[in-house]
Number of protein chains: 2
Amino acid sequence: MISQSVEEYLEAIYKLAEDGAPAGIPALAERLGVSSVSANEMVRRLERDGLVTYAPYKGVTLTAEGEARALNILRRHRLWERFLVDVLAMPWEEAHEAACGLEHVSSPSLIDRLERFLGEPDTCPHGHAVPTATGQIAARNGHPLSDLAEGDEAVVVQVPEEEPGVLTYLSGLGLRPGTAVVVEAIAPFEGPLTLRVGEAVLALGRNLASRILVERK
Amino acid sequence: MISQSVEEYLEAIYKLAEDGAPAGIPALAERLGVSSVSANEMVRRLERDGLVTYAPYKGVTLTAEGEARALNILRRHRLWERFLVDVLAMPWEEAHEAACGLEHVSSPSLIDRLERFLGEPDTCPHGHAVPTATGQIAARNGHPLSDLAEGDEAVVVQVPEEEPGVLTYLSGLGLRPGTAVVVEAIAPFEGPLTLRVGEAVLALGRNLASRILVERK
DNA sequence: CTTCAATATTAGGCTTTCCTAATCATCGCG
DNA sequence: CGCGATGATTAGGAAAGCCTAATATTGAAG
(Lines give C-alpha, C1' and ligand atoms only; values in the text may rest on other atoms or scores of the structure.)
Protein backbone atom coordinates (compact mmCIF):
# COMPACT_ATOMS: atom_id res chain seq x y z
CA MET A 1 0.00 0.00 0.00
CA ILE A 2 0.91 3.59 -0.65
CA SER A 3 -0.05 6.49 1.59
CA GLN A 4 -1.88 9.64 0.62
CA SER A 5 1.18 11.73 1.37
CA VAL A 6 3.34 9.67 -0.91
CA GLU A 7 0.77 10.00 -3.66
CA GLU A 8 0.74 13.74 -3.28
CA TYR A 9 4.50 13.90 -3.56
CA LEU A 10 4.55 11.72 -6.66
CA GLU A 11 1.89 13.85 -8.27
CA ALA A 12 3.76 17.05 -7.49
CA ILE A 13 7.04 15.66 -8.79
CA TYR A 14 5.37 14.63 -12.02
CA LYS A 15 3.75 18.01 -12.54
CA LEU A 16 6.95 19.90 -11.78
CA ALA A 17 8.90 17.76 -14.23
CA GLU A 18 6.23 18.45 -16.84
CA ASP A 19 7.22 22.06 -17.17
CA GLY A 20 10.93 21.68 -17.66
CA ALA A 21 13.71 20.39 -15.43
CA PRO A 22 13.47 17.76 -12.67
CA ALA A 23 11.86 19.03 -9.49
CA GLY A 24 14.13 20.63 -6.90
CA ILE A 25 13.42 20.04 -3.25
CA PRO A 26 12.49 23.65 -2.49
CA ALA A 27 10.05 23.82 -5.39
CA LEU A 28 8.50 20.55 -4.27
CA ALA A 29 8.24 21.75 -0.69
CA GLU A 30 6.69 25.00 -1.82
CA ARG A 31 4.10 23.29 -3.98
CA LEU A 32 3.06 20.93 -1.20
CA GLY A 33 3.11 23.55 1.51
CA VAL A 34 5.68 21.78 3.68
CA SER A 35 9.19 22.67 4.80
CA SER A 36 12.24 21.78 2.74
CA VAL A 37 13.32 19.47 5.52
CA SER A 38 10.11 17.49 5.29
CA ALA A 39 10.33 17.26 1.54
CA ASN A 40 13.92 16.12 1.83
CA GLU A 41 12.99 13.38 4.27
CA MET A 42 10.16 12.21 2.08
CA VAL A 43 12.31 12.19 -1.04
CA ARG A 44 14.77 9.92 0.70
CA ARG A 45 11.93 7.62 1.67
CA LEU A 46 10.72 7.62 -1.92
CA GLU A 47 14.20 6.80 -3.13
CA ARG A 48 14.47 4.00 -0.58
CA ASP A 49 11.22 2.61 -1.99
CA GLY A 50 12.41 2.85 -5.58
CA LEU A 51 9.94 5.50 -6.70
CA VAL A 52 12.40 8.30 -7.47
CA THR A 53 16.07 8.97 -7.97
CA TYR A 54 17.53 12.00 -6.31
CA ALA A 55 20.69 13.93 -7.03
CA PRO A 56 21.36 16.81 -4.63
CA TYR A 57 21.43 20.19 -6.37
CA LYS A 58 20.09 18.45 -9.49
CA GLY A 59 16.60 17.42 -8.56
CA VAL A 60 14.19 14.53 -8.12
CA THR A 61 13.24 12.27 -11.02
CA LEU A 62 10.54 9.63 -11.05
CA THR A 63 11.57 6.07 -11.78
CA ALA A 64 9.46 4.02 -14.20
CA GLU A 65 7.57 2.69 -11.20
CA GLY A 66 7.13 6.15 -9.75
CA GLU A 67 5.90 7.56 -13.02
CA ALA A 68 3.40 4.77 -13.43
CA ARG A 69 2.03 5.56 -10.00
CA ALA A 70 1.90 9.26 -10.76
CA LEU A 71 0.01 8.69 -13.99
CA ASN A 72 -2.46 6.52 -12.16
CA ILE A 73 -3.08 9.25 -9.62
CA LEU A 74 -3.56 11.79 -12.41
CA ARG A 75 -6.02 9.42 -14.03
CA ARG A 76 -8.09 9.22 -10.87
CA HIS A 77 -7.89 12.94 -10.29
CA ARG A 78 -8.98 13.91 -13.75
CA LEU A 79 -11.84 11.45 -13.97
CA TRP A 80 -13.21 12.63 -10.64
CA GLU A 81 -12.87 16.20 -11.80
CA ARG A 82 -14.86 15.39 -14.90
CA PHE A 83 -17.56 13.83 -12.75
CA LEU A 84 -17.72 16.72 -10.34
CA VAL A 85 -17.92 19.37 -13.02
CA ASP A 86 -20.07 17.61 -15.61
CA VAL A 87 -22.37 15.57 -13.43
CA LEU A 88 -22.56 17.46 -10.14
CA ALA A 89 -22.16 20.90 -11.74
CA MET A 90 -19.48 21.87 -9.28
CA PRO A 91 -17.44 24.99 -10.06
CA TRP A 92 -13.96 24.35 -11.44
CA GLU A 93 -11.95 25.54 -8.52
CA GLU A 94 -13.99 23.63 -5.99
CA ALA A 95 -13.82 20.51 -8.15
CA HIS A 96 -10.04 20.56 -8.14
CA GLU A 97 -9.94 20.63 -4.35
CA ALA A 98 -12.52 17.90 -4.01
CA ALA A 99 -10.80 15.67 -6.56
CA CYS A 100 -7.58 16.00 -4.58
CA GLY A 101 -9.21 14.11 -1.77
CA LEU A 102 -11.13 11.56 -3.79
CA GLU A 103 -8.15 10.57 -5.91
CA HIS A 104 -6.45 8.89 -2.97
CA VAL A 105 -9.29 6.56 -2.02
CA SER A 106 -10.42 5.15 -5.34
CA SER A 107 -9.92 1.51 -6.24
CA PRO A 108 -9.16 0.55 -9.83
CA SER A 109 -12.58 -1.03 -10.12
CA LEU A 110 -14.27 2.16 -8.98
CA ILE A 111 -12.26 4.28 -11.38
CA ASP A 112 -12.94 1.98 -14.31
CA ARG A 113 -16.66 2.10 -13.61
CA LEU A 114 -16.55 5.85 -13.28
CA GLU A 115 -14.71 6.12 -16.57
CA ARG A 116 -17.32 4.04 -18.34
CA PHE A 117 -20.15 6.02 -16.76
CA LEU A 118 -18.58 9.26 -17.97
CA GLY A 119 -18.24 7.90 -21.49
CA GLU A 120 -14.47 7.47 -21.41
CA PRO A 121 -13.55 11.14 -21.65
CA ASP A 122 -10.21 12.07 -23.20
CA THR A 123 -9.49 15.00 -20.93
CA CYS A 124 -10.32 16.64 -17.62
CA PRO A 125 -12.40 19.83 -17.62
CA HIS A 126 -9.22 21.89 -18.01
CA GLY A 127 -8.17 19.99 -21.09
CA HIS A 128 -5.48 17.77 -19.62
CA ALA A 129 -5.34 14.23 -20.99
CA VAL A 130 -6.66 11.39 -18.85
CA PRO A 131 -4.07 8.59 -18.63
CA THR A 132 -5.44 5.18 -19.55
CA ALA A 133 -5.79 2.30 -17.12
CA THR A 134 -2.58 0.90 -18.60
CA GLY A 135 -0.62 4.06 -17.93
CA GLN A 136 -0.59 5.67 -21.38
CA ILE A 137 -1.07 9.39 -21.68
CA ALA A 138 -1.78 11.26 -24.91
CA ALA A 139 0.88 13.76 -25.94
CA ARG A 140 0.00 17.36 -25.31
CA ASN A 141 -0.99 19.16 -28.47
CA GLY A 142 -1.49 22.86 -29.04
CA HIS A 143 0.72 25.91 -28.65
CA PRO A 144 0.97 28.48 -25.90
CA LEU A 145 -1.52 31.28 -26.46
CA SER A 146 1.40 33.67 -26.07
CA ASP A 147 2.96 32.31 -29.29
CA LEU A 148 0.15 33.59 -31.50
CA ALA A 149 0.50 36.68 -33.68
CA GLU A 150 -1.88 39.60 -33.92
CA GLY A 151 -4.96 38.67 -35.88
CA ASP A 152 -4.62 34.93 -35.24
CA GLU A 153 -7.72 32.97 -34.40
CA ALA A 154 -7.57 29.90 -32.21
CA VAL A 155 -9.48 27.58 -29.89
CA VAL A 156 -8.43 26.98 -26.29
CA VAL A 157 -7.46 23.36 -25.69
CA GLN A 158 -5.94 23.49 -22.22
CA VAL A 159 -5.76 25.79 -19.21
CA PRO A 160 -3.65 25.37 -16.08
CA GLU A 161 -5.17 23.26 -13.33
CA GLU A 162 -4.00 23.50 -9.72
CA GLU A 163 -4.27 27.14 -8.56
CA PRO A 164 -7.86 27.81 -7.51
CA GLY A 165 -7.49 31.57 -8.00
CA VAL A 166 -6.37 31.16 -11.59
CA LEU A 167 -9.23 28.78 -12.27
CA THR A 168 -11.82 31.18 -10.93
CA TYR A 169 -10.32 34.01 -12.96
CA LEU A 170 -10.24 32.10 -16.23
CA SER A 171 -13.68 30.71 -15.63
CA GLY A 172 -14.96 34.24 -15.11
CA LEU A 173 -13.44 35.33 -18.41
CA GLY A 174 -15.06 32.43 -20.19
CA LEU A 175 -11.67 31.05 -21.13
CA ARG A 176 -12.07 27.29 -21.04
CA PRO A 177 -11.32 24.42 -23.42
CA GLY A 178 -13.38 24.87 -26.57
CA THR A 179 -13.54 28.66 -26.33
CA ALA A 180 -12.67 30.50 -29.58
CA VAL A 181 -10.35 33.50 -29.23
CA VAL A 182 -8.99 36.14 -31.57
CA VAL A 183 -5.77 37.98 -30.82
CA GLU A 184 -6.56 41.66 -31.29
CA ALA A 185 -3.27 43.10 -30.12
CA ILE A 186 -0.02 42.17 -28.43
CA ALA A 187 1.63 44.77 -26.24
CA PRO A 188 5.43 45.03 -26.50
CA PHE A 189 7.94 44.44 -23.68
CA GLU A 190 6.29 41.24 -22.48
CA GLY A 191 3.06 43.15 -22.14
CA PRO A 192 -0.47 41.74 -22.12
CA LEU A 193 -2.42 40.28 -25.04
CA THR A 194 -5.71 41.80 -26.00
CA LEU A 195 -8.16 39.06 -26.88
CA ARG A 196 -11.64 38.89 -28.22
CA VAL A 197 -13.71 36.14 -26.70
CA GLY A 198 -17.14 36.08 -28.24
CA GLU A 199 -18.43 39.63 -27.86
CA ALA A 200 -16.06 40.52 -25.03
CA VAL A 201 -12.60 42.00 -25.30
CA LEU A 202 -10.12 41.44 -22.52
CA ALA A 203 -6.47 41.85 -21.60
CA LEU A 204 -4.47 38.84 -20.48
CA GLY A 205 -0.96 38.92 -18.98
CA ARG A 206 1.80 37.33 -21.03
CA ASN A 207 2.71 34.93 -18.25
CA LEU A 208 -0.74 33.46 -17.89
CA ALA A 209 -1.16 33.39 -21.68
CA SER A 210 1.93 31.21 -21.94
CA ARG A 211 0.23 28.63 -19.75
CA ILE A 212 -2.88 28.41 -21.90
CA LEU A 213 -2.65 26.08 -24.88
CA VAL A 214 -4.57 26.76 -28.07
CA GLU A 215 -4.97 25.25 -31.51
CA ARG A 216 -4.74 27.59 -34.51
CA LYS A 217 -7.75 27.71 -36.78
CA MET B 1 -10.05 19.07 11.26
CA ILE B 2 -10.86 15.49 12.08
CA SER B 3 -8.80 12.54 10.93
CA GLN B 4 -9.99 9.49 9.05
CA SER B 5 -9.17 7.29 12.01
CA VAL B 6 -11.25 9.39 14.34
CA GLU B 7 -14.14 9.26 11.92
CA GLU B 8 -13.92 5.50 11.77
CA TYR B 9 -14.01 5.24 15.54
CA LEU B 10 -17.02 7.55 15.80
CA GLU B 11 -18.84 5.56 13.17
CA ALA B 12 -18.10 2.29 14.92
CA ILE B 13 -19.17 3.63 18.32
CA TYR B 14 -22.43 4.81 16.83
CA LYS B 15 -23.18 1.51 15.15
CA LEU B 16 -22.35 -0.49 18.26
CA ALA B 17 -24.59 1.70 20.38
CA GLU B 18 -27.36 1.17 17.84
CA ASP B 19 -27.76 -2.45 18.77
CA GLY B 20 -28.05 -2.13 22.50
CA ALA B 21 -25.65 -0.99 25.19
CA PRO B 22 -22.79 1.52 24.87
CA ALA B 23 -19.76 0.14 23.07
CA GLY B 24 -17.13 -1.62 25.16
CA ILE B 25 -13.50 -1.12 24.28
CA PRO B 26 -12.92 -4.75 23.24
CA ALA B 27 -15.94 -4.73 20.94
CA LEU B 28 -14.80 -1.49 19.42
CA ALA B 29 -11.28 -2.81 18.92
CA GLU B 30 -12.61 -5.97 17.35
CA ARG B 31 -14.84 -4.10 14.93
CA LEU B 32 -12.02 -1.85 13.80
CA GLY B 33 -9.41 -4.57 13.64
CA VAL B 34 -7.07 -2.95 16.15
CA SER B 35 -5.80 -4.00 19.56
CA SER B 36 -7.67 -3.09 22.74
CA VAL B 37 -4.76 -0.93 23.73
CA SER B 38 -5.04 1.14 20.58
CA ALA B 39 -8.78 1.50 21.00
CA ASN B 40 -8.23 2.55 24.60
CA GLU B 41 -5.73 5.20 23.59
CA MET B 42 -8.02 6.55 20.92
CA VAL B 43 -11.02 6.63 23.23
CA ARG B 44 -9.04 8.76 25.64
CA ARG B 45 -8.13 11.09 22.78
CA LEU B 46 -11.78 11.26 21.78
CA GLU B 47 -12.75 12.05 25.35
CA ARG B 48 -10.07 14.72 25.55
CA ASP B 49 -11.59 16.26 22.41
CA GLY B 50 -15.11 16.14 23.79
CA LEU B 51 -16.49 13.61 21.33
CA VAL B 52 -17.25 10.78 23.75
CA THR B 53 -17.58 10.03 27.44
CA TYR B 54 -15.97 6.89 28.71
CA ALA B 55 -16.60 4.92 31.88
CA PRO B 56 -14.29 1.93 32.34
CA TYR B 57 -16.15 -1.37 32.41
CA LYS B 58 -19.26 0.52 31.30
CA GLY B 59 -18.52 1.59 27.79
CA VAL B 60 -18.07 4.52 25.43
CA THR B 61 -20.91 6.92 24.69
CA LEU B 62 -20.98 9.64 22.07
CA THR B 63 -21.50 13.21 23.23
CA ALA B 64 -23.94 15.40 21.29
CA GLU B 65 -20.98 16.67 19.27
CA GLY B 66 -19.72 13.14 18.69
CA GLU B 67 -23.10 11.90 17.59
CA ALA B 68 -23.53 14.78 15.19
CA ARG B 69 -20.21 13.88 13.61
CA ALA B 70 -21.13 10.23 13.43
CA LEU B 71 -24.44 10.98 11.73
CA ASN B 72 -22.66 13.16 9.24
CA ILE B 73 -20.25 10.35 8.41
CA LEU B 74 -23.15 7.93 8.01
CA ARG B 75 -24.80 10.43 5.69
CA ARG B 76 -21.76 10.60 3.48
CA HIS B 77 -21.30 6.85 3.53
CA ARG B 78 -24.86 6.06 2.57
CA LEU B 79 -25.11 8.62 -0.19
CA TRP B 80 -21.89 7.36 -1.75
CA GLU B 81 -23.16 3.82 -1.48
CA ARG B 82 -26.33 4.82 -3.28
CA PHE B 83 -24.25 6.39 -6.03
CA LEU B 84 -21.94 3.44 -6.40
CA VAL B 85 -24.73 0.88 -6.56
CA ASP B 86 -27.35 2.80 -8.53
CA VAL B 87 -25.21 4.84 -10.87
CA LEU B 88 -22.00 2.86 -11.27
CA ALA B 89 -23.69 -0.54 -10.92
CA MET B 90 -21.16 -1.68 -8.38
CA PRO B 91 -21.95 -4.86 -6.43
CA TRP B 92 -23.14 -4.29 -2.86
CA GLU B 93 -20.18 -5.65 -1.03
CA GLU B 94 -17.68 -3.74 -3.13
CA ALA B 95 -19.71 -0.56 -2.75
CA HIS B 96 -19.54 -0.75 1.03
CA GLU B 97 -15.76 -0.96 0.94
CA ALA B 98 -15.43 1.85 -1.55
CA ALA B 99 -17.82 4.11 0.35
CA CYS B 100 -15.70 3.58 3.47
CA GLY B 101 -12.91 5.41 1.75
CA LEU B 102 -14.92 8.12 0.03
CA GLU B 103 -16.87 9.08 3.13
CA HIS B 104 -13.78 10.58 4.74
CA VAL B 105 -12.88 12.97 1.95
CA SER B 106 -16.19 14.54 1.02
CA SER B 107 -16.93 18.20 1.69
CA PRO B 108 -20.45 19.25 2.66
CA SER B 109 -20.84 20.96 -0.69
CA LEU B 110 -19.89 17.79 -2.53
CA ILE B 111 -22.28 15.70 -0.49
CA ASP B 112 -25.14 18.11 -0.94
CA ARG B 113 -24.61 18.10 -4.68
CA LEU B 114 -24.42 14.35 -4.73
CA GLU B 115 -27.63 14.12 -2.74
CA ARG B 116 -29.45 16.35 -5.20
CA PHE B 117 -28.07 14.42 -8.15
CA LEU B 118 -29.33 11.16 -6.64
CA GLY B 119 -32.79 12.63 -6.09
CA GLU B 120 -32.51 12.92 -2.29
CA PRO B 121 -32.85 9.24 -1.50
CA ASP B 122 -34.26 8.23 1.88
CA THR B 123 -32.07 5.20 2.40
CA CYS B 124 -28.86 3.51 1.37
CA PRO B 125 -29.08 0.38 -0.82
CA HIS B 126 -29.36 -1.78 2.30
CA GLY B 127 -32.35 0.17 3.54
CA HIS B 128 -30.67 2.27 6.25
CA ALA B 129 -31.90 5.84 6.57
CA VAL B 130 -29.73 8.65 5.23
CA PRO B 131 -29.28 11.36 7.89
CA THR B 132 -30.14 14.86 6.69
CA ALA B 133 -27.62 17.65 6.29
CA THR B 134 -28.87 19.00 9.61
CA GLY B 135 -28.23 15.75 11.44
CA GLN B 136 -31.74 14.27 11.60
CA ILE B 137 -32.20 10.57 11.01
CA ALA B 138 -35.53 8.84 10.41
CA ALA B 139 -36.54 6.28 13.01
CA ARG B 140 -36.08 2.68 12.01
CA ASN B 141 -39.35 1.02 11.09
CA GLY B 142 -40.05 -2.65 10.49
CA HIS B 143 -39.67 -5.80 12.57
CA PRO B 144 -37.00 -8.48 12.61
CA LEU B 145 -37.77 -11.17 10.06
CA SER B 146 -37.31 -13.66 12.86
CA ASP B 147 -40.43 -12.27 14.61
CA LEU B 148 -42.78 -13.38 11.87
CA ALA B 149 -45.04 -16.43 12.21
CA GLU B 150 -45.48 -19.25 9.73
CA GLY B 151 -47.55 -18.15 6.77
CA ASP B 152 -46.77 -14.46 7.21
CA GLU B 153 -46.00 -12.41 4.15
CA ALA B 154 -43.72 -9.41 4.31
CA VAL B 155 -41.42 -7.09 2.39
CA VAL B 156 -37.77 -6.64 3.29
CA VAL B 157 -37.01 -3.07 4.36
CA GLN B 158 -33.48 -3.36 5.71
CA VAL B 159 -30.55 -5.76 5.67
CA PRO B 160 -27.30 -5.50 7.65
CA GLU B 161 -24.56 -3.44 6.07
CA GLU B 162 -20.90 -3.82 7.07
CA GLU B 163 -19.88 -7.46 6.63
CA PRO B 164 -19.01 -8.06 2.97
CA GLY B 165 -19.60 -11.80 3.26
CA VAL B 166 -23.13 -11.33 4.53
CA LEU B 167 -23.85 -8.83 1.78
CA THR B 168 -22.70 -11.19 -0.93
CA TYR B 169 -24.76 -14.00 0.56
CA LEU B 170 -27.96 -11.99 0.85
CA SER B 171 -27.47 -10.50 -2.57
CA GLY B 172 -27.10 -14.00 -3.98
CA LEU B 173 -30.38 -15.05 -2.35
CA GLY B 174 -32.14 -12.04 -3.80
CA LEU B 175 -32.89 -10.75 -0.30
CA ARG B 176 -32.69 -6.97 -0.57
CA PRO B 177 -34.94 -4.07 0.37
CA GLY B 178 -38.19 -4.35 -1.56
CA THR B 179 -38.08 -8.13 -1.86
CA ALA B 180 -41.33 -9.91 -0.91
CA VAL B 181 -40.96 -13.01 1.28
CA VAL B 182 -43.34 -15.62 2.65
CA VAL B 183 -42.49 -17.59 5.78
CA GLU B 184 -43.10 -21.22 4.88
CA ALA B 185 -41.87 -22.79 8.06
CA ILE B 186 -40.00 -22.03 11.27
CA ALA B 187 -37.83 -24.76 12.73
CA PRO B 188 -37.91 -25.13 16.53
CA PHE B 189 -34.97 -24.74 18.92
CA GLU B 190 -33.73 -21.50 17.33
CA GLY B 191 -33.62 -23.30 14.02
CA PRO B 192 -33.70 -21.78 10.56
CA LEU B 193 -36.66 -20.17 8.79
CA THR B 194 -37.82 -21.56 5.49
CA LEU B 195 -38.71 -18.71 3.17
CA ARG B 196 -40.21 -18.39 -0.24
CA VAL B 197 -38.66 -15.60 -2.28
CA GLY B 198 -40.35 -15.37 -5.65
CA GLU B 199 -40.14 -18.88 -7.06
CA ALA B 200 -37.25 -19.94 -4.86
CA VAL B 201 -37.41 -21.54 -1.43
CA LEU B 202 -34.52 -21.15 0.94
CA ALA B 203 -33.47 -21.69 4.54
CA LEU B 204 -32.17 -18.79 6.59
CA GLY B 205 -30.52 -19.03 10.04
CA ARG B 206 -32.37 -17.47 12.93
CA ASN B 207 -29.50 -15.19 13.80
CA LEU B 208 -29.25 -13.63 10.37
CA ALA B 209 -33.04 -13.45 10.15
CA SER B 210 -33.10 -11.34 13.30
CA ARG B 211 -30.90 -8.76 11.59
CA ILE B 212 -33.18 -8.39 8.59
CA LEU B 213 -36.06 -5.96 9.05
CA VAL B 214 -39.36 -6.49 7.26
CA GLU B 215 -42.77 -4.87 7.06
CA ARG B 216 -45.83 -7.12 7.30
CA LYS B 217 -48.21 -7.08 4.42
C1' DC C 1 -16.59 -14.35 49.40
C1' DT C 2 -13.23 -15.74 46.76
C1' DT C 3 -11.38 -16.57 42.58
C1' DC C 4 -11.00 -16.39 37.61
C1' DA C 5 -11.88 -14.50 33.31
C1' DA C 6 -12.71 -10.31 31.13
C1' DT C 7 -11.39 -5.64 30.99
C1' DA C 8 -8.21 -1.78 31.65
C1' DT C 9 -4.08 0.24 31.87
C1' DT C 10 1.08 1.01 31.96
C1' DA C 11 5.43 0.67 29.95
C1' DG C 12 8.06 0.81 26.07
C1' DG C 13 8.53 0.89 21.05
C1' DC C 14 7.77 1.53 16.08
C1' DT C 15 6.62 4.30 11.69
C1' DT C 16 4.98 8.20 9.26
C1' DT C 17 4.78 12.89 8.71
C1' DC C 18 5.53 17.06 10.05
C1' DC C 19 8.31 20.97 12.53
C1' DT C 20 12.45 24.57 14.03
C1' DA C 21 17.15 25.71 14.52
C1' DA C 22 21.53 25.16 13.16
C1' DT C 23 25.20 23.61 10.24
C1' DC C 24 27.28 22.25 5.95
C1' DA C 25 27.87 22.20 0.78
C1' DT C 26 27.65 24.10 -3.66
C1' DC C 27 27.06 27.19 -7.41
C1' DG C 28 27.46 31.12 -9.71
C1' DC C 29 28.72 35.95 -9.87
C1' DG C 30 31.70 39.51 -9.69
C1' DC D 1 38.82 32.71 -6.96
C1' DG D 2 36.32 33.82 -3.09
C1' DC D 3 31.96 34.89 -1.03
C1' DG D 4 27.16 35.13 -0.46
C1' DA D 5 22.79 33.11 -1.55
C1' DT D 6 20.59 29.05 -2.24
C1' DG D 7 20.17 24.33 -1.34
C1' DA D 8 21.03 20.18 1.64
C1' DT D 9 21.39 18.01 5.69
C1' DT D 10 21.76 17.01 10.75
C1' DA D 11 19.94 17.23 15.34
C1' DG D 12 16.18 17.06 18.11
C1' DG D 13 11.12 16.93 18.78
C1' DA D 14 6.10 16.37 18.46
C1' DA D 15 1.68 14.03 17.50
C1' DA D 16 -1.11 10.36 15.61
C1' DG D 17 -1.73 5.64 15.32
C1' DC D 18 -0.46 1.36 15.81
C1' DC D 19 1.93 -2.74 18.33
C1' DT D 20 3.43 -6.49 22.29
C1' DA D 21 4.15 -7.76 26.97
C1' DA D 22 3.16 -7.22 31.45
C1' DT D 23 0.33 -5.68 35.23
C1' DA D 24 -3.71 -4.16 37.61
C1' DT D 25 -8.58 -4.01 38.29
C1' DT D 26 -13.31 -5.50 38.38
C1' DG D 27 -17.41 -8.09 38.07
C1' DA D 28 -19.71 -12.27 37.98
C1' DA D 29 -20.10 -17.04 38.96
C1' DG D 30 -19.53 -20.66 41.88
Side-chain angles (χ1 to χ4, degrees), chain A residues 1-14 16-17 19-62 65-66 69-70 73 100-101 103-105, chain B residues 1-14 16-17 19-62 65-66 69-70 73 100-101 103-105:
Chain A
M1 257 313 288
I2 190 169
S3 80
Q4 296 192 192
S5 280
V6 167
E7 290 202 338
E8 256 149 41
Y9 275 89
L10 292 178
E11 201 180 355
I13 294 166
Y14 182 93
L16 284 173
D19 29 62
I25 299 274
L28 190 55
E30 149 100 63
R31 189 187 196 94
L32 292 167
V34 300
S35 74
S36 279
V37 178
S38 299
N40 196 295
E41 264 177 352
M42 178 58 98
V43 164
R44 272 190 280 105
R45 267 196 299 267
L46 294 175
E47 188 161 45
R48 177 199 67 190
D49 298 342
L51 297 171
V52 306
T53 56
Y54 171 52
Y57 300 97
K58 291 296 182 326
V60 188
T61 315
L62 293 170
E65 172 71 12
R69 306 270 187 143
I73 299 159
C100 278
E103 67 189 357
H104 303 300
V105 290
Chain B
M1 258 312 290
I2 190 169
S3 80
Q4 297 191 192
S5 280
V6 167
E7 292 202 337
E8 256 148 42
Y9 275 88
L10 292 178
E11 202 180 353
I13 294 166
Y14 182 94
L16 285 172
D19 28 65
I25 299 275
L28 190 55
E30 148 100 63
R31 188 186 196 96
L32 292 166
V34 301
S35 74
S36 279
V37 177
S38 300
N40 196 294
E41 264 177 352
M42 179 59 97
V43 164
R44 272 189 280 107
R45 265 197 297 269
L46 294 176
E47 188 161 45
R48 178 198 65 191
D49 297 343
L51 298 170
V52 305
T53 57
Y54 170 51
Y57 299 96
K58 292 295 180 329
V60 187
T61 314
L62 293 171
E65 171 70 13
R69 306 270 187 145
I73 299 159
C100 279
E103 67 189 358
H104 302 301
V105 291

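So that the names make sense, note that chain A is the first sequence line, chain B the second, and so on, each numbered from 1.
- In this structure Arg31(B) satisfies the salt bridge (Lys or Arg N to Asp or Glu O under 4.0 Å) test together with Glu162(B), sequence neighbours excluded.
- Phosphate proximity of dA16(D) to Ser3(B): absent, as no side-chain N or O sits under 4.0 Å from OP1 or OP2.
- Listed by chain and residue number, nothing satisfies the side-chain hydrogen bond (donor to acceptor under 3.5 Å, both in side chains) test with Ser36(A) (two or more places apart in sequence, or in another chain).
- When the salt bridge (Lys or Arg N to Asp or Glu O under 4.0 Å) test is applied to Glu65(A), the partners found at least two apart in sequence or on another chain are Arg69(A).
- One distance of note links CG of Leu62(B) with CG of Leu51(B); it measures 8.5 Å at 0.5 Å rounding.
- Mapping Asp49(B) and Val34(B) onto DNA chain D via the closest heavy atom, the residue that lands nearer the 5' end is Asp49(B).
- Straight-line distance from the CG atom of Asn40(A) to the C1' atom of dT26(C): 15 Å, rounded to whole Å.
- Between Glu41(A) and Tyr54(A), the one whose closest nucleotide on DNA chain D sits nearer the 5' end is Tyr54(A).
- Atom CZ in Arg48(B) sits roughly 9 Å away from atom C1' in dA15(D) (whole-Å rounding).
- The side chain of Tyr9(B) approaches dC18(D) more closely than any other nucleotide in the set dC19(C), dA8(D), dC18(D).
- Partners of Ser38(B) by side-chain hydrogen bond (donor to acceptor under 3.5 Å, both in side chains), not counting sequence neighbours, listed by chain and number: Ser35(B).
- When heavy atoms are screened at a 4.0 angstrom cut-off, Ser5(B) is found touching the sugar-phosphate backbone but no base atom.
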Taking only nitrogen or oxygen atoms into account, show me every contact under 3.5 Å that the protein makes with nucleotides 25-30 of chain D, one pair per line with its distance.
unit_1	atom_1	unit_2	atom_2	d
dT25(D)	O2	Tyr57(B)	OH	2.8
dT26(D)	O4'	Tyr57(B)	OH	3.4

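- Under the rule for a salt bridge (Lys or Arg N to Asp or Glu O under 4.0 Å), the partners of Glu7(A) that lie at least two apart in sequence or sit in another chain are Arg76(A).
- Here the C1' atom of nucleotide dT17(C) and the CE atom of Met1(B) are 16 Å apart, to the nearest Å.
- The residue among Arg44(B) and Met42(A) whose nearest nucleotide of DNA chain C lies closer to the 5′ end is Arg44(B).
- For the side chain to side chain donor-acceptor pair (under 3.5 Å) condition, the pairs that include at least one residue of residues 41-59 of chain B, sequence neighbours left out, are Asn40(B)-Arg44(B).
- Side-chain atoms of His104(A) and Val105(B), non-hydrogen and from C-beta on, never get closer than 4.5 Å to each other.
- Within residues 21-33 of chain A, the residues approached by DNA chain D to less than 4.0 Å at the level of any non-hydrogen atom are Ile25(A), Pro26(A), in residue-number order.
- For dT17(C), neither phosphate oxygen OP1 nor OP2 lies less than 4.0 angstrom from any side-chain nitrogen or oxygen of Ser38(A).
- For dT16(C), neither phosphate oxygen OP1 nor OP2 lies less than 4.0 angstrom from any side-chain nitrogen or oxygen of Arg45(A).
- Residues passing the side-chain hydrogen bond (donor to acceptor under 3.5 Å, both in side chains) test with Glu11(A), sequence neighbours excluded: none.
- Atom CD of Glu8(A) is separated from atom C1' of dT16(C) by 14 Å (rounded to the nearest Å).
- As rounded to whole Å, 16 Å separates atom C1' of dT16(C) from atom NE2 of His104(A).
- OP1 or OP2 of dA8(C) has not a single side-chain nitrogen or oxygen of Ser36(B) nearer than 4.0 Å.
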